[in-house]
> 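Mind having a look at this structure? Questions to follow.
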Amino acid sequence: MESLIFEKADRIGIVRINRPKALNALNRQVIDELESLLDVLEGDETLSVLIIGSDEHFAAGADIRSMVRMNPAEAKTFSFSSTLDRIANLDIPTIAAMEGFALGGGMELALACDFRIASKTAKMGLPEINLAIMPGAGGTVRTPRLVGAARAKELILLGETIDAVRAEQIGLINKVVEPNLLMEAAMEWAQKLCQKAPIALKTAKESIGGGLNCATISEAIKLESERWADLFHTADQKEGMMAFIEKRVPIYKGK
Ligand code: CAA
């Protein structure tokens, strides 16, 4: 891999985009390498959490130089919606650790993660409208679900960049930290997530995602209650509740 750097710290995977000269803009190579990495990570049972980050700038969007002369068919092929969907659909929790610019497709990559933690100096937005296009990798779909339609339109139609404090205020990101504490904060959340029962995490993720996609609240509640009851098949549920009763820390097996 040239455009990505991957390392593993115990059960936590950390992937960093590595195209510093283009502010980590996402070109075909980055996306292809991300696809290959996902092929490996999806089958890695020793992985409990994935952190996605980069050095200096999270990602300044899809690579504009690659897109400038594309026709619609080529744009369809270039689109990395499906790659970001793979990230959104991972069984394990994912955290975007954002610093510098997180714009356009870069912001959409962060939106595909379960959590977004940003450095106080991060700048983010969906500026595609300024290129006479619109977000095409989940931005128009995931942003309104996080911040509501009016604020999503503010970001997408005005195309202005906002700072991390504002992003946290409107619910676009989860947490703002001092720049030198970004990876530490992401690791802290990752370590907390590593303590939880993996099947319960996966099921909760599915229930939240599935619930948001249901046409009615009652349909979502029904699905939630089925998923909730299914968790009682797991050994980890027995262990989690026994540990509470016996006043000890649970030891989960992921079963
Ligand atoms: N694509 C390709 N190259 C990019 C890039 C991008 N998205 N963003 C930055 N770069 C390159 C610049 O071209 C420049 O390269 P050169 O030195 O070779 O000219 C280098 O990175 C440094 O950028 P700047 O000189 O522009 O740095 P700056 O500090 O003055 O400005 C910036 C930083 C505000 C982020 C500015 O680079 C910028 O506006 N970038 C584009 C942001 C954008 O519009 N992103 C959305 C892309 S479209 C998209 O993502 C579609 C989608 O929905 C999937």
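First listed ligand is number 1; within each ligand, the first listed atom is number 1.
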> Please determine whether a side-chain nitrogen of the Lys or Arg among Glu56 and Arg16 lies less than 4.0 Å from a carboxylate oxygen of the Asp or Glu.
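Arg16 and Glu56: not salt-bridged.
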> By number and element, which atoms of ligand 1 are closer than 4.0 Å to a non-hydrogen atom of Pro135?
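Per the distance check, 53 (O).
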> How far is atom 5 (C) of ligand 1 from its nearest protein heavy atom, and which residue and atom is that?
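Nearest protein contact, heavy atoms only, for atom 5 (C) of ligand 1 is Ala25 CB, 4.0 Å.
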> Are any of the N/O atoms on Ile64, whether in the backbone or the side chain, positioned under 3.5 angstrom from an N/O atom of ligand 1?
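Checking ligand 1 against Ile64, an N or O pair does fall under 3.5 Å apart.
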> Starting from atom 42 (C) of ligand 1, which protein heavy atom do you reach first, and at what distance in Å?
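Heavy-atom neighbour on the protein nearest atom 42 (C) of ligand 1: Ala60 O, 3.3 Å.
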> To check your reading of the model: name the closest protein heavy atom to atom 10 (N) of ligand 1, its residue, and the distance in Å.
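Looking at atom 10 (N) of ligand 1, the protein heavy atom closest to it is Ala22 O, 3.8 Å.
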> Verify the neighbour count for atom CD1 of Ile251: are there more than 12 heavy atoms of other residues, nucleotides or ligands below 6.0 Å?
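Not more than 12 within 6.0 Å, no.
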> Of the non-hydrogen atoms in Val177 and Leu182, which two are nearest, and what is the gap between them?
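Heavy-atom minimum between the residues: CG2-CA, 3.6 Å.
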> Would you please determine whether Lys123 falls within less than 4.0 Å of ligand 1 on a heavy-atom basis?
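Outside the 4.0 Å threshold, so no.
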> Could you say whether the N/O atoms of Pro127 and ligand 1 ever approach to under 3.5 Å?
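In this structure, Pro127 places no N or O atom under 3.5 Å from an N or O of ligand 1.
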> As an exercise, identify every atom of ligand 1 less than 4.0 angstrom from a heavy atom of Phe80.
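Checking each atom against Phe80, I get 54 (C).
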> So is Leu131 polar-close to ligand 1, meaning N/O to N/O under 3.5 Å?
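Among all N and O atoms of Leu131, none is under 3.5 Å from an N or O of ligand 1.
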> Give the residue and atom name of whichever protein heavy atom lies nearest to atom 53 (O) of ligand 1, and the separation in Å to one decimal.
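Atom 53 (O) of ligand 1 sits closest to the protein heavy atom Glu128 OE2, 2.7 Å.
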> According to salt bridge (charged side-chain N to carboxylate O under 4.0 Å, His left out), does anything in residues 31-42 pair up with another residue at least two apart or in another chain? List the pairs.
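Counting only pairs at least two positions apart or across chains, the salt bridge (charged side-chain N to carboxylate O under 4.0 Å, His left out) contacts touching residues 31-42 are Arg28-Asp32, Glu35-Arg86, Asp39-Arg86, Glu42-Arg86.
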> I'd like to know if Leu126 and Leu157 are part of one continuous hydrophobic network [Ile/Leu/Val/Met/Phe/Trp/Tyr, side-chain heavy atoms within less than 4.5 Å].
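Yes; tracing contacts between hydrophobic side chains, which count when under 4.5 Å, links both residues.
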> Could you list the atoms of ligand 1 found under 4.0 angstrom from a heavy atom of Gly104?
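Listed by number with element: 46 (C), 50 (O).
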> Against heavy atoms of Gly105, which atoms of ligand 1 measure under 4.0 Å?
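The list of qualifying atoms is 49 (C), 50 (O).
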> Give me the nearest non-hydrogen protein atom to atom 38 (C) of ligand 1 as residue plus atom name, then the distance to 0.1 Å.
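Minimum-distance protein heavy atom for atom 38 (C) of ligand 1 reads Leu103 CD1, 4.8 Å.
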> Who else is in Phe101's hydrophobic cluster (ILVMFWY, side-chain heavy atoms under 4.5 Å, direct or via others)?
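Other cluster members: Leu23, Leu103.
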> Can you find a protein heavy atom under 4.0 Å from atom 50 (O) of ligand 1?
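Protein heavy atom within 4.0 Å of atom 50 (O) of ligand 1: present.
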> In the complex you have, is atom 8 (N) of ligand 1 within reach of the protein, judged by whether a heavy-atom distance drops under 4.0 Å?
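For atom 8 (N) of ligand 1 the answer is yes, since some protein heavy atom falls inside 4.0 Å.
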> Check whether any N or O atom of Met67, backbone or side chain, sits under 3.5 Å from an N or O atom of ligand 1, and answer yes or no.
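By distance alone, the answer is no.
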> Would you confirm whether any non-hydrogen atom of the protein falls under 4.0 Å from atom 26 (O) of ligand 1?
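Neighbour list for atom 26 (O) of ligand 1 is empty of protein heavy atoms (cut-off 4.0 Å).
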> Return the closest protein heavy atom for atom 20 (C) of ligand 1 as residue, atom name and distance.
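Closest protein heavy atom to atom 20 (C) of ligand 1: Lys21 O, 3.4 Å.
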> Under 4.0 Å from atom 47 (C) of ligand 1, do we find at least one protein heavy atom?
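There is a protein heavy atom less than 4.0 Å from atom 47 (C) of ligand 1.
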> Please check if Leu50 and Ile12 belong to a single hydrophobic cluster, counting links between Ile, Leu, Val, Met, Phe, Trp and Tyr side chain heavy atoms closer than 4.5 Å.
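Leu50 does not cluster with Ile12.
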> Considering only the protein, which heavy-atom contact is closest to atom 29 (O) of ligand 1, and what is its distance?
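It is Phe101 CE1, 4.3 Å.
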> Starting from atom 13 (O) of ligand 1, locate the nearest protein heavy atom and write down its residue, its atom name and how far away it is, to 0.1 Å.
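Checking every protein heavy atom, the shortest distance to atom 13 (O) of ligand 1 gives Arg65 NH2, 3.0 Å.
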> Verify the contact flag for atom 35 (C) of ligand 1, where contact means a protein heavy atom under 4.0 Å away.
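At least one protein heavy atom is under 4.0 Å away.
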> Hey, is Lys196 close enough to Asp236 for a salt bridge, meaning N to O under 4.0 Å?
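No, Lys196 and Asp236 are not salt-bridged.
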> Answer with yes or no whether the hydrophobic clustering places Phe6 together with Phe58; edges join I, L, V, M, F, W, Y residues whose side-chain heavy atoms lie under 4.5 Å apart.
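Cluster IDs for Phe6 and Phe58 match.
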